[in-house]
Amino acid sequence: MCGILGAIRDRNVTESLLKGLETLEYRGYDSAGIFIRSKDSHQLCRTVGATRELREKIGNQLPEGTLGIGHTRWATHGKPSERNAHPHPCGNVFIVHNGIVENSDSLRKWLSGQTVFCSDTDTETIGRLIDFLMTRDNLSLLEATRRAIPLLDGAYSFLVTSGSGEQSIVAVQNGLPLLVGKTARGGIFFSSDMSAFPAEIISIIALAHGDIVCFGEGENNDEFFRAFEKTRERISVDRSVPEQEGKGFYPTYMFKEICEQPKVLQSLLCQSIVSRGAELDIAFPENIEAKLANVRRILIVGCGTSYHAGLLGKYMIESLGEIPVEVEIGSEFRYRDPYLGQGDLLLAITQSGETADTLGAIRMANDRGIPVVSLVNVPGSSAVRESSASFLLQAGPEFGVASTKTFLAQVCVMTLFALKLAKHAESKTGSTRTALLEELRNIP
Ligand code: GLU
């Protein structure tokens, strides 16, 4: 999982790209880079480390240019090193990429007669392929990208631009999220995550799976963007979340997020626990209640920390809810052929709502007609868009790579699910639901 970012506007883009990359660091921080282009020159700067190291390498003289792309990397193909950092120079093409090209080895073999590779990444095969098609068939960047896509296997999104000639950025969404935002003055930003957009963005759309779009300098981006707004999902531009303002006086994001835990739990519990006379009960949004009403088996899918929250969820749901629960890591679930039947419910747990393997599991359940409830922290994310119902954890942005407040919120919601599913007001341990809910309310 990497962070990708791009901008094309009427003034220098370097500072806004560097700021955006800082926010994207939680998606990957083994290396970082930017490519900045002006009318007749360009600069590429890459380094091992995160944006701080990138700023140090750039020094005081920020590159000048009205078009740029940037990246924070979490390596999948090729170790973290400067030559493997994005953006990748591929002849006249420059690329930043999130995801995996599964057939990159065979493409590399095929292309190595025509071009020289400079990195060990799968990403470079995309850039080299586009550059090769542009040169061989005299194609524009957009047309060459269109022809390259059917030759690539995998789930990915990327941005490509060129070092000379047309000044445009081509954006491709093939199963991993990519958002496009617009400023009031017609500037266009691309990002894998909405938190990286600058404050001046006034409208955001999510590209759909299979989209290949091109925004060019000096072109009518406004009109093009408006046409997209009519057919693509619009994401609300929420600037009200205080956590987006940075670490405040805390030394690290992780410490800040740990300190936010009581507040997060309190708001979850206030919103879900209701009084009915002397008894306490649980009230979920109607679409979640409907999905839980007829469930006979729950399949919990998550990756990393979310998977571990799922293991705790299993203990609680089986014990209190008396419903069989299976928990599986997203990458296992999606690449086998699991038995899914009537009465099954997929509970997908993902902080970002963009975890590729969890999304793969959601899509598999959708294809097989199994309802999906997702526990997600990021509104407007792919998991929210693609699930039958979503429970929003509302824990606020979590930048710490080790999840803290979101993990706790996931466990809290699954405890509530377990109690909601409990058929009897008195649990096997003898506590009443009201007593357990009261204990839960004391936790914050
Ligand atoms: N596969 C690319 C690389 O290793 C992108 C990594 C990712 O999206 O995590 O550079």
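Start at 1 with the first residue, then count along the sequence. On a predicted model such as this, the values are computed, not experimentally measured, just so you know. One-based numbering, in listed order, for ligands and for the atoms of each.
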Gap between atom CD of Q261 and atom CD of Q266 - 0.5 Å precision: 13.0 Å
Y29 six-ring face occupied by R73 cation (under 6.0 Å, within 45°): no
Aromatic ring proximity H42/F35, centre distance under 6.0 Å: yes
Applying salt bridge (Lys or Arg N to Asp or Glu O under 4.0 Å) as the test, list every pair that has at least one member in residues 172-185; sequence neighbours left out. D10-R185, K182-D222
I'd like the atom pairs linking ligand 1 to the protein - N or O on both sides, separation under 3.5 Å - with distances to 0.1 Å.
unit_1   : atom_1 : unit_2 : atom_2 : d
ligand 1 : 1 (N)  : T76    : OG1    : 2.6
ligand 1 : 1 (N)  : G99    : O      : 2.9
ligand 1 : 1 (N)  : D122   : OD1    : 2.7
ligand 1 : 1 (N)  : D122   : OD2    : 3.1
ligand 1 : 4 (O)  : R73    : NH2    : 3.0
ligand 1 : 4 (O)  : T76    : N      : 2.9
ligand 1 : 4 (O)  : T76    : OG1    : 3.1
ligand 1 : 4 (O)  : H77    : N      : 3.1
ligand 1 : 8 (O)  : N98    : OD1    : 3.1
ligand 1 : 8 (O)  : G99    : N      : 2.7
ligand 1 : 9 (O)  : M1     : N      : 2.7
ligand 1 : 9 (O)  : W74    : O      : 2.8
ligand 1 : 10 (O) : R73    : NE     : 2.6
ligand 1 : 10 (O) : R73    : NH2    : 3.2
ligand 1 : 10 (O) : H86    : NE2    : 2.7

Side chain to side chain donor-acceptor pair (under 3.5 Å) contacts in which one or both residues fall within residues 394-404, not counting sequence neighbours: E398-S403, E398-T406
For Y335, the ring-ring contact (aromatic ring centres under 6.0 Å, His included) test, sequence neighbours excluded, returns none
